[in-house]
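Scroll down for the structure; my scribbles are underneath it.
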Amino acid sequence: MFAVLVVDDDMRVARINAAYVEKVPGFEVAARAHSAGEALELLSAHPVDLILLDHYLPDENGLDLVRHLRRRGDLTDVIMVTAARDLATVQAAMRLGALQYLVKPFTFGALRSRLEAYGSLRRSLETGGEAEQAEVDRIFGTLASAGTPNALPKGHSPTTAELVRQVLRSADGPLSTQQIADLAGISRQTAQRYLKLLDRTGRVTLALRYGETGRPEHRYAWRPSDRPPDRPSDRPSNESDRPDGTDRPNGT
């Protein structure tokens, strides 16, 4: 059984992430922490196998916490689970030895695949002995392949998802669901499913266009990679990404 410390400043998100971990066979939550200082105290008293670590913490960021651990010789494995998507943070996490980097919001399936890959990696390494090149390649590829292409929710096609992304990237401005469906050559209902997924994962911006009568029209545009996701208060009030413990995106 792998013991996991869940670190997130948002108590609700920490609770949901902990519930996700408990649903994966072979993993148990040893504790939850909501700051770097609290995490350091818990780790000093009760070592764990793995830390699920948010980057945005109230006292210092998650990578600073990892630096503290490494300086004192603590090599506990780390998987980042955070809304931080800038490449500088991703690169720093890699250099500090984070085994995976999961961007919020994410589904239970996305986290499960990474935990299962981590468990497989640990079991491979605990056998001891020497490894031939093929075994080394398999070990290094275990975590790299986690979550792809299965990171998409059930019933979503990578080909269709990429088609919708290409339409949005090449557009000169925001598009309606029907316009995207027509350009992609898919039904409006299918386009709507993929647009909701892209919206939940922060890859599109969503605005409402009000006409003279009827309901407002949703219009979507591709979000540049260097632009952070909207805060909840910036989003239309009828759009909700609140996780509920099911296989829906989780994060803040």
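Note that the numbering runs from 1 along the sequence shown for the chain. Keep in mind that this is a model prediction, so the values were computed, not measured.
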**Item:** Residues that His46 engages under side-chain hydrogen bond (donor to acceptor under 3.5 Å, both in side chains), provided they are two or more places apart
**Value:** none
Side-chain donor-acceptor pairs of residues 183-190 under 3.5 Å, sequence neighbours excluded:
from: Ser187; atom 1: OG; to: Thr190; atom 2: N; distance (Å): 3.1
from: Ser187; atom 1: OG; to: Thr190; atom 2: OG1; distance (Å): 2.9

**Message:** Give me the atom names and distance for the closest heavy-atom approach of His218 to Leu206.
**Reply:** CB-CD1, 3.7 Å
**Message:** Between Met80 and Gln100, does the side-chain contact (heavy atoms from CB on, under 4.5 Å) criterion hold? Intermediate values first, please.
**Reply:** CA-CA 6 Å; Met80 300 294 294; Gln100 272 284 1; over 6 Å; no
**Asked** What residues, two or more places apart in sequence or in another chain, satisfy side-chain hydrogen bond (donor to acceptor under 3.5 Å, both in side chains) together with Thr89?
**Response** Asp86
**Complete:** Shortest non-hydrogen pair, Leu63 vs Ala92, comes out as CD1-CB, 3.5 Å
**Request:** Report the residues that fulfil salt bridge (charged side-chain N to carboxylate O under 4.0 Å, His left out) with Arg71, sequence neighbours left out, ordered by chain and then residue number.
**Result:** none
**Item:** Step-by-step side-chain contact (heavy atoms from CB on, under 4.5 Å) determination, Thr82 to Leu102
**Value:** CA-CA 7 Å; Thr82 176; Leu102 186 57; over 6 Å; no
**Message:** For Asp64, is there an ion pair with Arg67 - N to carboxylate O distance below 4.0 angstrom?
**Reply:** yes
**Prompt:** Have Glu60 and His68 got a donor and an acceptor in their side chains that come within less than 3.5 Å?
**Reply:** yes
**Asp54 side chain reached by Asn17 side chain, heavy atoms, under 4.5 Å** = no
**Prompt:** Between Trp222 and Leu168, what is the shortest heavy-atom contact and its length?
**Reply:** CB-O, 3.8 Å
**Asked** Looking only at side chains, do Arg72 and Ser44 share a donor and an acceptor under 3.5 Å apart?
**Response** yes
**Asked** With sequence neighbours left out, what residues match Arg122 under salt bridge (charged side-chain N to carboxylate O under 4.0 Å, His left out)?
**Response** Asp49, Asp77, Glu126
**Message:** So does Leu208 get a backbone contact from the side chain of Arg219, meaning a donor-acceptor N/O pair under 3.5 Å?
**Reply:** no
**Message:** Atom CE of residue position Met1 - does it have more than 12 heavy atoms of other residues, nucleotides or ligands inside 6.0 Å?
**Reply:** yes
**Fill in**
For Tyr101 and Ala84, the nearest pair of non-hydrogen atoms, with its separation, is OH-O, 2.5 Å
**Request:** Check the pair Tyr20, Arg112 against side-chain contact (heavy atoms from CB on, under 4.5 Å), reporting the backbone distance first and the verdict last.
**Result:** CA-CA 8 Å; Tyr20 281 176; Arg112 179 182 59 197; over 6 Å; no
**4.5 Å side-chain heavy-atom contact, Ile51 and Leu43** = yes
**Prompt:** Measuring from Ile180:CD1 to Tyr220:OH, what's the distance to the nearest 0.5 Å?
**Reply:** 7.5 Å
**Request:** Flag the pair Glu116 and Arg114 as a salt bridge only when some basic side-chain nitrogen lies within less than 4.0 angstrom of an acidic carboxylate oxygen.
**Result:** no
**Request:** Applying side-chain contact (heavy atoms from CB on, under 4.5 Å), run through Leu163 and Tyr194 and close with a yes or a no.
**Result:** CA-CA 10 Å; Leu163 188 60; Tyr194 285 86; over 6 Å; no
Show me the donor-acceptor pairs, under 3.5 Å and distance only, between side chains in residues 27-40 and residues at least two apart or in other chains.
from: His34; atom 1: ND1; to: Asp8; atom 2: O; distance (Å): 2.9
from: Ser35; atom 1: OG; to: Glu38; atom 2: N; distance (Å): 3.1
from: Glu38; atom 1: OE1; to: His34; atom 2: N; distance (Å): 2.9

**Leu111 vs Leu52 side-chain heavy atoms within contact, under 4.5 Å** = yes
**Request:** Measure across Val81 and Lys104 and return the closest heavy-atom pair with its distance rounded to 0.1 Å.
**Result:** O-CE, 3.4 Å
**Complete:** The residue among Asn61, Thr76, Val7, Leu5 that forms side chain to side chain contact (heavy atoms under 4.5 Å, CB included) with Leu53 is Val7
**Complete:** All heavy atoms of Leu198 vs all of Arg165, minimum pair found to be CD2-CG, 4.0 Å
